[in-house]
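This is a predicted model, so every value here is computed, not measured. Just so we're on the same page: letters track the sequence lines, and every chain starts at 1.
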Protein chains: 2
Amino acid sequence: MIEEKTKIFKALSDPNRLRILKMLQTKSLCVCEITDVLRLATSTVSKHLSILKSTGFIIETKDGKWVNYLINPRPPDARISSVLSTLDFWISDDQIIISDKQKVQKVDRNEVCSR
Amino acid sequence: MIEEKTKIFKALSDPNRLRILKMLQTKSLCVCEITDVLRLATSTVSKHLSILKSTGFIIETKDGKWVNYLINPRPPDARISSVLSTLDFWISDDQIIISDKQKVQKVDRNEVCSR
DNA sequence: AATTCATTTCGTTAACTAACGAAATATAAA
DNA sequence: TTTATATTTCGTTAGTTAACGAAATGAATT
């Protein structure tokens, strides 16, 4: 179905989801770490992650009370792999992406999550 | 700006716009020919075309009372060219795309447009 | 077992999108 | 210049989406 294919583009058509994907290309992160960088409500970030997960871009691994999200190393669809690998070239020069990456390097789960 | 980049994906995240792009990869078409294949209102098709045009995917050429739309041979952004060339591989196997192409081959402007 | 903390689900709201028909615009033919 | 035809613009409506906070869930610690 054609709608299946537009789903991939739809997943990429939101700025916050693109930022999440780029962050996860730096390192895997839990929900509250992403929330800290994006400055959105936890529930909003969780929703974005579920969209990226259902499309096949990312997977999750449970780690105690945390849920780690990471780029799917084995996407269900060659199109996903293709997009993920070209995403570097596509948006690495963007200022917000650069500063997101810097924040991601420094972010500490134990400091950020429990206030 | 990151929103500029999501615009490209947003343009591709609608089934009818994907169908239009694939049709135009077969041959250039006027609005009413596209309308005939998609079975949408003329104003709706016109809107889709303006979105694809403003993103840089397609251009228009005036031909008397007709406006021909065609794939932009010189896109403003390397990302557009990249997507356009991979679009073949992405969605050529889809049934609706195949039947669209068949209809496009047969469609006759002078027969279809003036009822 | 109760508490704490991370995350998800739910319900709501505001903004956005795709669709339509009607009216406006533009070009060609009569 | 009137008429016909192709397309665009406008206004409206229904459906979708992204955001939030509150409540529910799940897992570790006390």
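When each of Glu33(B), Arg109(B), Glu60(B), Lys27(B) is paired with Asn68(B), the side-chain hydrogen bond (donor to acceptor under 3.5 Å, both in side chains) condition holds for Arg109(B) and for no other. Of the candidates Lys22(B), Lys106(B), Arg19(B), Arg39(B), Asp100(B) forms a salt bridge (charged side-chain N to carboxylate O under 4.0 Å, His left out) with just one, namely Arg19(B).
Relative to the side chain of Leu40(A), the nucleotides dT8(D), dA19(D), dA18(C) differ in distance, and dA19(D) lies closest. For Cys30(A), whose side chain is taken as the heavy atoms from C-beta onward, the closest listed nucleotide among dA18(C), dT7(C), dG21(D) is dT7(C). Picking from dT7(D), dG21(C), dA18(D) the nucleotide with the shortest atom distance to the side chain of Tyr69(B) gives dT7(D). The Arg17(B) side chain lies nearest to dA18(C) when the options are dC10(D), dA18(C), dA6(D). Closest to the Lys10(B) side chain, of the nucleotides dC5(C), dC20(D), dT17(C), is dT17(C). For Ile51(A), the listed nucleotide lying nearest its side chain is dA18(D); candidates were dA22(C), dA19(C), dA18(D). Of the candidates dG21(D), dT7(C), dT8(C), dT8(C) carries the atom nearest the Glu60(A) side chain, counting heavy atoms from C-beta on. Relative to the side chain of Thr44(B), the nucleotides dT7(D), dA22(C), dA19(C) differ in distance, and dA19(C) lies closest. Nearest to the side chain of Ala41(B), among dG21(C), dT8(D), dA6(D), sits dG21(C). Ranking dT8(C), dA6(D), dC20(D) by closeness to the Ser46(A) side chain, first place goes to dT8(C).
Between the CG atom of Leu52(A) and the P atom of dT17(D) there is a distance of 14 Å, given to the nearest Å. To the nearest angstrom, P of dT8(C) lies 14 Å from CH2 of Trp66(A). Between Lys47(B) atom NZ and dA24(C) atom C1' the separation is 17 Å, expressed in whole Å. Between Asn110(B) atom CG and dA28(C) atom P there is a gap of 14 Å when expressed in whole angstrom units. Atom CD1 of Ile20(B) is separated from atom P of dT7(D) by 13 Å (rounded to the nearest Å). Nucleotide dA6(D) holds its C1' atom 11 Å from the CG atom of Asp63(B), rounded to whole Å. In this structure, Leu29(B) places its CG atom 11 Å from P of dT7(D), rounding to the nearest Å. The separation between Lys62(A) atom NZ and dT7(C) atom C1' is 9 Å, rounded to whole Å.
Using modelled atom types, one finds no donor on one side chain facing an acceptor on the other under 3.5 Å when comparing Lys10(A) with Thr55(A).
Under the rule for a side chain to side chain contact (heavy atoms under 4.5 Å, CB included), the partners of Thr6(B) that lie at least two apart in sequence or sit in another chain are Pro15(A), Leu18(A), Glu3(B).
Without hydrogens or angle criteria, Arg17(B) side chain to His48(B) main chain gives no donor-acceptor distance under 3.5 Å.
When the side-chain nitrogen and oxygen atoms of Asn68(B) are compared with OP1 and OP2 of dA6(D), none of them lie within a distance under 4.0 Å. Distances shown here put a side-chain N or O of His48(B) below 4.0 Å from the OP1 or OP2 atom of dA19(C). At the phosphate of dA19(D), OP1 or OP2 sits under 4.0 Å from a side-chain N or O atom of Asn16(A).
Along DNA chain D, the nucleotide nearest to Arg39(A) and the one nearest to Lys65(A) differ in position, and the one closer to the 5' end is contacted by Arg39(A).
Looking at Asp14(A) and Lys47(A), no side-chain N of the basic residue comes within less than 4.0 Å of a carboxylate O on the acidic one, giving no salt bridge.
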